[in-house]
Amino acid sequence: MNLVIVESPAKGKTIEKYLGKDYKVLASFGHVRDLPTKTLGVDTKNNFKPEYVIPIKARKTIATLKKEIANADALFLATDYDREGEAIAFHLIEAIKPKKPIKRITFHEITEPAIKEAIKCPRDIDMNLVDAQQARRVLDRLVGYKLSPFLWKKVAQGLSAGRVQSVAVRLIVEREREIQKFKPEEYWSIEALLSKDNPPAGGQFKAILTEKDGKKIDKLAIKSDKDAQKVLDDLKNADYIVSEIKIETKKKYPSPPFTTSTLQMEAGTKLGFTSKQTMKLAQDLYEDGLITYMRTDSLNISPMAMKAARNVISEKYGSRYALPSPRFYKTKAKGAQEAHEAIRPTDLAVVSDQIRISDKHTKLYDLIWKRMIASQMKEAEIDETIVKIAASNYGFASTGQKIQFDGFLKLYNGLKKDIELPNLAKGNKLSLEKLDKFQHFTEPPARFTEGALIKELEKRGIGRPSTYAPTISVVQDRGYVEKAQGKLLPKDIGMAVNDLLVEHFPNIVDYDFTARLEEE
DNA sequence: CAGTGAGCGAGCTTCCGCTTGACTT
């Protein structure tokens with residue numbers, strides 16, 4: 001018998017099924033050793049040597065694993081293929097001290113061929129990766145456990161600061177200040193309602209003023225009612241003549257399948273779930289074997305699932321919606337480690353009607369299913385007609401849109417209505433039905449929603465899939481930030497703490513601190 | 001002699017990232 005250790009018990013069950021009776025698969029339930037919580041646990045005078053303990057929660061796990069390894073011939077460490085996973089494998093050895101052969105194996109997807117292949121090519125623990133994790137851990141501890149007491153002394157008991165949470169607060173505080181100092185700027189737009197001469201009936205369409213004396217008019221160029229009125233006066237006796245018609249076929253491609261961050265964002269905007277709620281629902285779906293792992297930064301899809309998607313698309317929507325060969329996506333997220341697949345249904349034949357846990361589970365599953373299927377559907381083709389219209393020394397433009405082929409839009413993000421223009425030709429004379437001026441004001445930047453903040457953190461490489469939702473919670477629990485109408489805004493204490501940290505520890509709350517840490 | 005207050009020491013809070021139950025509301 002061989003013992004295989006993975007991080008997640010749900011994953012373990014699946015893998016055990018693939019490996020058969022010669023293998024027993026157990027879970028470590030995440031990390032099994034960590035720095036002590038009560039003390040710093042870092043010897044700053046001795047090359048920052050970390051002191052590790054086995055947390056109470058992990059003691060039972062370790063006891064079980066020790067017992068099982070005694071009966072096993074060999075130990076396979078199948079923790080995740082990333083920095084934390086490598087460290088967990090290392091700590092498992094340190095905590096168990098197995099007297100059996102140890103093999104480290106890795107895979108990017110939980111499919112039978114991937115697992116069987118992994119078992120065939122074991123390797124040693126990569127100590128460089130382990131050391132990178134230890135450095136990350138020690139640094140986070142030093143930052144968190146040195147800065148937090150500084151705040152207890154200067155501001156209030158129980159406050160906290162850290163590499164990730166303090167930057168999150170900073171983003172929210174600085175956005176709020178931008179909004180506060182924002183001065184709205186007035187500007188005007190001019191819109192003509194036109195129709196084709198002979199016959200005048202029907203075929204009306206709108207055109208926007210875009211040019212003057214052959215030059216583009218800046219959006220903010222017309223600053224007052226007086227300026228706008230002057231344009232209207234100038235155009236009093238103008239003839240409106242079609243000067244140019246351009247038709248372009250544009251392709252619109254589907255979004256990639258979900259990662260943790262995009263799932264949290266989309267479930268927030270489309271379903272109104274908080275990131276915490278989304279993760280809880282996704283966890284349930286995962287534990288029931290309905291979706292792949294939900295804490296991931298990878299856009300990869302197993303070849304088997306690609307094929308399955310193609311079949312579903314051909315069957316449900318017709319083969320012209322299927323792609324001749326699979327579409328691959330590459331992650332743009334800084335520091336992505338891609339230990340898992342993207343988030344997708346494990347069996348694409350299961351549709352949301354069959355999910356009978358709760359209404360919310362059904363909705364989230366439906367979103368994941370559609371996003372996955374759409375990502376392998378053919379792109380949409382949209383004909384865009386741009387009409388330019390000359391009116392004395394001014395120029396107007398109107399854009400028409402016609403969907404030639406809906407492709408993935410049939411399933412995801414819906415169809416926008418066609419914008420119809422009458423049949424026009426260069427030189428056509430148009431009659432003016434109405435000429436209007438509209439007042440506008442520039443808008444301040446928007447406050448962060450949970451999703452927008454997660455997107456910003458991910459873009460900067462700050463935080464990981466497992467910490468986005470907890471980070472949003474902690475900045476609220478500390479009283480730094482509150483949510484109003486779904487938007488995050490700083491409270492006084494959040495602003496005060498931020499200013500103090502920026503003043504005394506500018507390099508640590510710097511937006512690029514994490515990026516530099518990763519590089520170095 | 002009761003009440004007040006200064007002074008002192010002990011004990012508590014805290015990070016990020018990996019994972020779920022076992023708790024409480």
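First the proteins, then the strands, lettered A, B, ... as listed; each starts at 1.
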Verify, without hydrogens or angle tests, whether [X] (side chain) and [Y] (backbone) share a donor-acceptor contact under 3.5 angstrom.
X: A/His340; Y: A/His108; value: no
X: A/Arg371; Y: A/Leu263; value: no
X: A/Gln376; Y: A/Arg327; value: yes
X: A/Tyr145; Y: A/Thr37; value: yes

message: For A/Phe150 together with A/Phe505, are the ring centres under 6.0 Å from each other?
response: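 A/Phe505 vs A/Phe150: aromatic centres under 6.0 Å.
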query: Hey, does the Lys NZ or Arg CZ of A/Arg516 hover above the aromatic six-ring of A/Phe513, less than 6.0 Å from the centre and inside 45° of the axis?
result: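 Verdict for A/Phe513: no cation-pi partner in A/Arg516.
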Could A/Arg175 and A/Phe448 be counted as a cation-pi pair, given that NZ or CZ must be under 6.0 Å from the ring centre and within 45° of the axis?
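Output yes; distance and angle both within limits.
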#### Entry: Check against salt bridge (charged side-chain N to carboxylate O under 4.0 Å, His left out), A/Glu7 and A/Lys11
CA-CA 8 Å; A/Glu7 294 178 37; A/Lys11 193 195 261 187; 6.0 Å; no
Handout entry: Name of the residue among A/Val25, A/Ile15, A/Thr14, A/Val4 meeting side chain to side chain contact (heavy atoms under 4.5 Å, CB included) with A/Ile115
Key =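 Testing A/Ile115 for a side chain to side chain contact (heavy atoms under 4.5 Å, CB included) against A/Val25, A/Ile15, A/Thr14, A/Val4 leaves exactly one candidate, A/Ile15.
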For nucleotides 14-20 of chain B, 5' to 3', base contacts (B), sugar-phosphate-only contacts (S) and non-contacts (-) with protein non-hydrogen atoms under 4.0 Å give BBBBBBS
Q: Please list every stem that involves DNA chain B, where a stem is a run of 3 or more consecutive Watson-Crick or G-U wobble pairs with both pairing distances under 3.5 Å.
A: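 DNA chain B forms no stems at all.
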Within the sub-3.5 Å range, which N or O atoms of nucleotides 23-25 of chain B have a protein N or O partner, and how far apart are they?
none

message = Looking at every heavy atom in both A/Gly144 and A/Pro149, which two are closest together, and how far apart are they?
response =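 For A/Gly144 versus A/Pro149, the nearest heavy atoms are O-CD, 4.2 Å.
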